[in-house]
Amino acid sequence: MAFPNKKLIDDPNGACASRFPLLSLSPPSLRSIPRSLSNSPAILAFFDFCHRQLLRSECFRRSSVRNRLLDYFFNYVVTEFIEGLVETYSGLQYLDGFPLVKVVLRADVSAATYDKVAIVSGGGSGHEPAHAGFVGEGMLTAAICGDIFSSPPVDSILAGIRAVTGPKGCLLIVKNYTGDRLNFGLAAEIAKSEGYKVETVIVGDDCALPPPRGIAGRRGLAGTILVHKVAGAAAAGGLSLADVAAEAKHASEIVGTMGVALTVCSIPGQVASDRLGPGKMELGLGIHGEPGAAVADIQPVNVVVSHVLQQILSTETNYVPITRGERVVLMVNGLGATPTMELMIIAGKTVPKLQLEHGLAVDRVYTGSFMTSLDMAGFSISIMKADPVILQRLDAPTKAPYWPVAADGNHPPAKIPVPIPASRSAKTDEPLQLNEQGQILEVAIEAAANAIINLKDNLNEWDGKVGDGDCGSTMYRGAKAILEDIKNYPLNDAAETVGEIGSSIGRSMGGTSGIIYTIFFKAAHSVLKASSHSGVTSKQWAEALAVSIAAVSKYGGASAGYRTLLDALIPASLVLEEKLNSGVDPCIAFVLSSEAALAGAQSTVDMQAQAGRSTYFSGEILSTVPDPGAMAAATWYRAAALAVKAKYQS
């Protein structure tokens, strides 16, 4: 590594304040330092010092040397990407020719022993994961990486061809850019002169611009990835070079792509273009940030997708030979800064438009970032005509790390009905004849629900001081739903009735309280199901209460003393269990436990909240009212206990 002399490194004016864009780049890789020097701490420190001084130097910024060094540092952006890629995926290697030769290849392929057609592609970097991310069995055999947005040099392409090409030959898949065509073309001719069998397929899938009048042709875009997959699968199947090339050429002729961007990309070391102002988008721009067909106001995704599809499937340009009634493959590609969520939204809008507006059956959908443009915010859509051979190639297995392996195969229906558990509360023509247990459950449930309805205003008043003021209204909705549904409850079956109460609450209450009470009753239902349908014992009810409390504590995170409904239910559970174990009459034990619930709820006045919205209030405010949730729990619990007592005494 040669550096300029000290005069260039020094900053004679001390002007180091302005920020140089390359400060964010890593220093040159240690692989670039001669091995004889790489073990010397002093030498390594010197290299790092020189690198930093060059970047800080105002003289460097102004000098013509800057351009040469800019290119030099660019090499290390790509080489360090390759190093990280190969460290991540064990099936990949690279040729030890940095910084000029940047080639990623399959680790299991050697030119001397490879008995299939090699598939080689590549181009300028900045489009990751393309192309190196698609190296793997079933796709590319090697990828040639150029500098950022620059075609790889001929020597690098030749090195890749020589490294992987066996007796069956090599297919070069080249995106239609002048630099790529010239460099790959010259490399192909040199390789042929050395005795290699080489064929080339040029991919130009851009549908954004009018038919070209010159020799430039349509640009190569994300549809190239589909061509890689078709060619790679054909080669893996053992086809000859001529047959693989024919399939790749056919694939390139039946795919079309158009991109849309909200921003242009930021190229390291260059000032970002500001041609897209606020609220603007560019239709049909290229993957290097080159201008597209038009700049327009940002539109809803439905409108944008419709326009893109119209362009790709236009009968005027006839870029893609697809007509109504045919089958297609869809690729939605992110351009670098588009979140997966947005790409999935685009895919979800595109499929029905292809089906309904264009009369096309969509056989496969590939959504993700396949061929990007550094940090460009935008997407492209590629449409490929599908036939049995194309689908077979796309579905063929591959070990390429960035191919979406879960997108193969025919799609089942996109949605299926929500599963509904079998309910025993379906309406019947004849009223249910209640047994003794059913009658007791009925009066207990009605009493509990009516007590909550009568307490609505008090609960809202208390909650208005220590919460959001809707505790009473929320509990009221649940209570009203229970009273409406009770006529359909299987009251003779305690377990199923408790489960149906949970369903009524889950459907009607909403909010945190709705979830908590649904958990409470569903947990109790699980315990009671194990009991006999002929009746539930008092100890089984006590066990169900304890398990329900534990479930609420587990999922809600609260415990005793947190100023929640558990401060009413936990004392009730403890007293109920204690009295039953002491031989107290179950009805009396129930009433005594309800008194403990009420006392526990009233004690929350002296507690500091540790859960819910009450945690936002000071102790002084909290001490003015009890916890509304605890008072609600104590109220319905006590009402049920008193109703059961009255029923037994009648």
**OP:** Evaluate side chain to side chain contact (heavy atoms under 4.5 Å, CB included) for Ile390 paired with Ile254, printing each intermediate quantity in order.
**Re:** CA-CA 10 Å; Ile390 288 291; Ile254 58 173; 4.1 Å; yes

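- Counting non-hydrogen atoms of neighbouring residues, nucleotides and ligands closer than 6.0 angstrom, the NZ atom of Lys192 exceeds 12 such neighbours.
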**OP:** Please report the C-alpha distance between Ile287 and Met371 in whole Å, then the side-chain angles of each, then the deciding distance to 0.1 Å, and finally whether the side chain to side chain contact (heavy atoms under 4.5 Å, CB included) criterion is met.
**Re:** CA-CA 8 Å; Ile287 55 174; Met371 183 175 287; 3.8 Å; yes

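- Listed for the Lys229 side chain is a donor-acceptor partner under 3.5 Å among the backbone atoms of Ala396.
- Side-chain contact between Val304 and Met281 is present, with heavy atoms from C-beta onward closer than 4.5 Å.
- Using a 4.5 Å heavy-atom cutoff, the side chains of Phe81 and Thr79 are not in contact.
- For the pair Asn333 (side chain) and Ser380 (backbone), a donor-acceptor distance under 3.5 Å is absent.
- Between the side chain of Ser252 and the backbone N or O of Lys249, at least one donor-acceptor pair lies under 3.5 Å.
- One finds the CD1 atom of Ile157 at 7.5 Å from the CG atom of Asp180 (value rounded to the nearest 0.5 Å).
- Between Asp206 and Thr257, the closest side-chain pair of non-hydrogen atoms is not below 4.5 Å.
- Ile298 has its side chain out of reach of Lys280: every pair of non-hydrogen atoms, C-beta onward, lies at least 4.5 Å apart.
- Residues Thr350 and Leu330 have side chains in contact (heavy-atom distance under 4.5 Å, counting atoms from C-beta outward).
- One distance of note links CG of Leu309 with NE2 of His358; it measures 4.5 Å at 0.5 Å rounding.
- Contact detail for Ala231 and Ile173: the closest heavy-atom pair is CB-CD1, 3.7 Å.
- Of all non-hydrogen atoms in Ala132 and Leu85, the two that sit nearest each other are CB-CD2, 3.5 Å.
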**OP:** Take Val329 and Leu391, measure what side chain to side chain contact (heavy atoms under 4.5 Å, CB included) needs, and give me the verdict at the end.
**Re:** CA-CA 8 Å; Val329 168; Leu391 294 179; 3.9 Å; yes

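- Interatomic distance, CG of Leu209 versus CG of Leu285, reported as 10.0 Å (0.5 Å rounding).
- The closest donor-acceptor contact from the side chain of Ser121 to the backbone of Ala143 lies at 3.5 Å or more, if one exists at all.
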Subject >> Verdict with reasoning, Arg162 to Tyr196, per side chain to side chain donor-acceptor pair (under 3.5 Å) >> reply: CA-CA 8 Å; Arg162 292 168 182 152; Tyr196 292 99; 5.2 Å; no

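- Residue Lys353 places its NZ atom among more than 12 non-hydrogen atoms of other residues, nucleotides or ligands, all under 6.0 Å distant.
- The minimum heavy-atom distance between Asp115 and Lys168, with the atom names listed, is O-CD, 2.9 Å.
- In this structure, Arg219 does not pair ionically with Asp205, as no charged nitrogen and carboxylate oxygen lie closer than 4.0 Å.
- Note: Trp403 and Phe370 have tilted aromatic rings, judged against thresholds of 30 and 60 degrees for the angle between ring planes.
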**OP:** Could you walk me through whether Glu253 and Lys385 pass the salt bridge (charged side-chain N to carboxylate O under 4.0 Å, His left out) test, one step at a time?
**Re:** CA-CA 9 Å; Glu253 293 170 344; Lys385 185 176 180 179; over 6 Å; no

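- Under the 4.5 Å side-chain criterion, counting only non-hydrogen atoms from C-beta, Ile381 is in contact with Ile383.
- The aromatic rings of His131 and His127 sit perpendicular to each other, their planes meeting at more than 60°, with 30° as the lower class boundary.
- Between the side chain of Ser151 and the main chain of Gly123, no donor-acceptor pair closer than 3.5 Å is present.
- Annotation: cation-pi geometry satisfied between Arg218 and Tyr319 (NZ/CZ under 6.0 angstrom from ring centroid, within 45° of ring axis).
- Of the possible polar contacts, one joining the Glu326 side chain to the Thr323 backbone as a donor-acceptor pair under 3.5 Å is found.
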**OP:** Please report the C-alpha distance between Tyr114 and Val164 in whole Å, then the side-chain angles of each, then the deciding distance to 0.1 Å, and finally whether the side chain to side chain contact (heavy atoms under 4.5 Å, CB included) criterion is met.
**Re:** CA-CA 7 Å; Tyr114 194 48; Val164 297; 5.6 Å; no

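- Atom OG in Ser314 sits 11.0 Å away from atom CE in Met258 (nearest 0.5 Å).
- Using modelled atom types, one side-chain atom of Thr165 and one backbone atom of Ile161 make a donor-acceptor pair closer than 3.5 Å.
- A pairwise comparison of heavy atoms in Pro153 and Leu100 identifies CG-O, 3.9 Å as the closest pair.
- With a 4.5 Å cut-off on side-chain heavy atoms, Ser125 and Phe149 do not count as touching.
- Of the possible donor and acceptor atoms, one in the side chain of Thr88 sits under 3.5 Å from a partner among the backbone N and O of Gly84.
- Note: Tyr177 and His288 have perpendicular aromatic rings, judged against thresholds of 30 and 60 degrees for the angle between ring planes.
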**OP:** Report the C-alpha distance between Arg364 and Asp395 in whole Å, list the side-chain angles of each, state the deciding distance to 0.1 Å, and finish with yes or no for salt bridge (charged side-chain N to carboxylate O under 4.0 Å, His left out).
**Re:** CA-CA 9 Å; Arg364 302 290 184 274; Asp395 289 347; 2.5 Å; yes

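- Panel note: side chain Ser240, backbone Asp243; a donor-acceptor pair is recorded below 3.5 Å.
- Atom-to-atom distance recorded for Met384:CE and Ile312:CD1 is 12.0 Å, nearest 0.5 angstrom.
- Heavy atoms from other residues, nucleotides or ligands lying under 6.0 Å from CD1 of Ile416 number 12 at most.
- At least one donor-acceptor pair closer than 3.5 Å links the side chain of Ser156 to the backbone N or O of Lys102.
- Summarising the local packing, OH of Tyr402 is surrounded by 12 or fewer heavy atoms from other residues, nucleotides or ligands at distances under 6.0 Å.
- For the atom pair CG of Leu394 and CG of Asp408, the computed distance is 10.0 Å after rounding to the nearest 0.5 Å.
- Contact check for Leu360 versus Leu313: side-chain heavy atoms found under the 4.5 Å cut-off.
- Scanning both residues, Pro99 and Tyr76, for their nearest heavy atoms gives CG-OH, 4.4 Å.
- Between Leu105 and Val103, the shortest heavy-atom contact is CD2-O, 3.9 Å.
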